[in-house]
Amino acid sequence: MTPGAVCRVSTPDAKRAVLATFRSPHWTAPVRDSPGLFRYRRHDCELRVRADGVVCYVAFHTASEPASPRPARVRPAPARRRGRRGGAGTVWPTTWRELRARLRTAGCGLARRGKHWRVEVPGGQIYTLPCTASDHRALRNAAHELAGLGIDLRRPNTHRHRRAAG
């Protein structure tokens with residue numbers, strides 16, 4: 001940073017703010033309109049600095065004028081799920097799509113009506129399923145209620161070993 005740039009700032013507080021922003025900015029970002037310029041920001045002081053360290057622009061943002069948006073933070077990768085869903089040990093459906101597929105194979109009629117699915121049970125009863133449920137237990141509750149109406153939605157017992165009689 002050139003000493004002349006600091007001398008052009010009018011008050012000693014402003015000079016300190018410019019020097020502090022230049023030496024340790026809270027964040028930096030490239031200027032979209034001008035390649036080769038970087039934006040340094042600290043509190044209400046903003047500098048535009050060339051790659052060689054020359055300050056080209058100084059601005060102080062007051063509370064009345066909106067500050068430019070900060071660059072987005074880089075988020076760490078999301079944590080991996082430890083538990084598995086589905087698999088050979090799960091008897092009940094684990095997704096809404098799987099539940100609807102098992103209902104179709106059980107002979108139920110399905111029709112989408114707005115934000116809900118209408119299930120026509122072979123006995124003539126009507127059951128309503130949500131398209132997007134708000135409760136994490138809604139899928140399991142719906143499967144158990146449909147089982148209470150006489151529809152078996154459990155996975156067939158084909159993967160389990162039979163014990164030898166003897």
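Residue numbers count from 1 along this sequence. These numbers come from a predicted model, not from an experiment.
Evaluation of the ring-ring contact (aromatic ring centres under 6.0 Å, His included) test over residues 97-147, restricted to residues two or more places apart or in two chains, returns Trp92-His144. Residues in residues 103-113 take part in no salt bridge (charged side-chain N to carboxylate O under 4.0 Å, His left out) pair, two or more places apart or across chains.
Listed by chain and residue number, Trp96, Ala133, Asp135 satisfy the side-chain contact (heavy atoms from CB on, under 4.5 Å) test with Ala138 (two or more places apart in sequence, or in another chain). Residues passing the side-chain contact (heavy atoms from CB on, under 4.5 Å) test with Arg97 are Thr95, Arg100, sequence neighbours excluded. For Asp152, the side-chain contact (heavy atoms from CB on, under 4.5 Å) partners are Arg154, not counting sequence neighbours. Contacts of Ser24 classified as side chain to side chain donor-acceptor pair (under 3.5 Å), with partners at least two apart in sequence or in another chain: Arg42.
Arg118 has its side chain out of reach of Thr128: every pair of non-hydrogen atoms, C-beta onward, lies at least 4.5 Å apart. Residues Arg48 and Val55 form no side-chain contact, since every pair of their non-hydrogen atoms from C-beta on lies 4.5 Å or further apart. For the pair Leu47 and Val18, the minimum side-chain heavy-atom distance is below 4.5 Å. Inter-residue side-chain proximity for Ile151 and Val121 is flagged as met; some heavy-atom pair is nearer than 4.5 Å. In this structure, Cys108 and Pro122 have side chains that are in contact, with non-hydrogen atoms separated by less than 4.5 Å.
Between the side chain of Arg39 and the main chain of Ala29, no donor-acceptor pair closer than 3.5 Å is present.
Closest approach of Phe22 and Tyr40 over heavy atoms only: O-CE2, 3.8 Å.
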Could you walk me through whether Val49 and Leu37 pass the side chain to side chain contact (heavy atoms under 4.5 Å, CB included) check?
CA-CA 6 Å; Val49 182; Leu37 279 181; over 6 Å; no
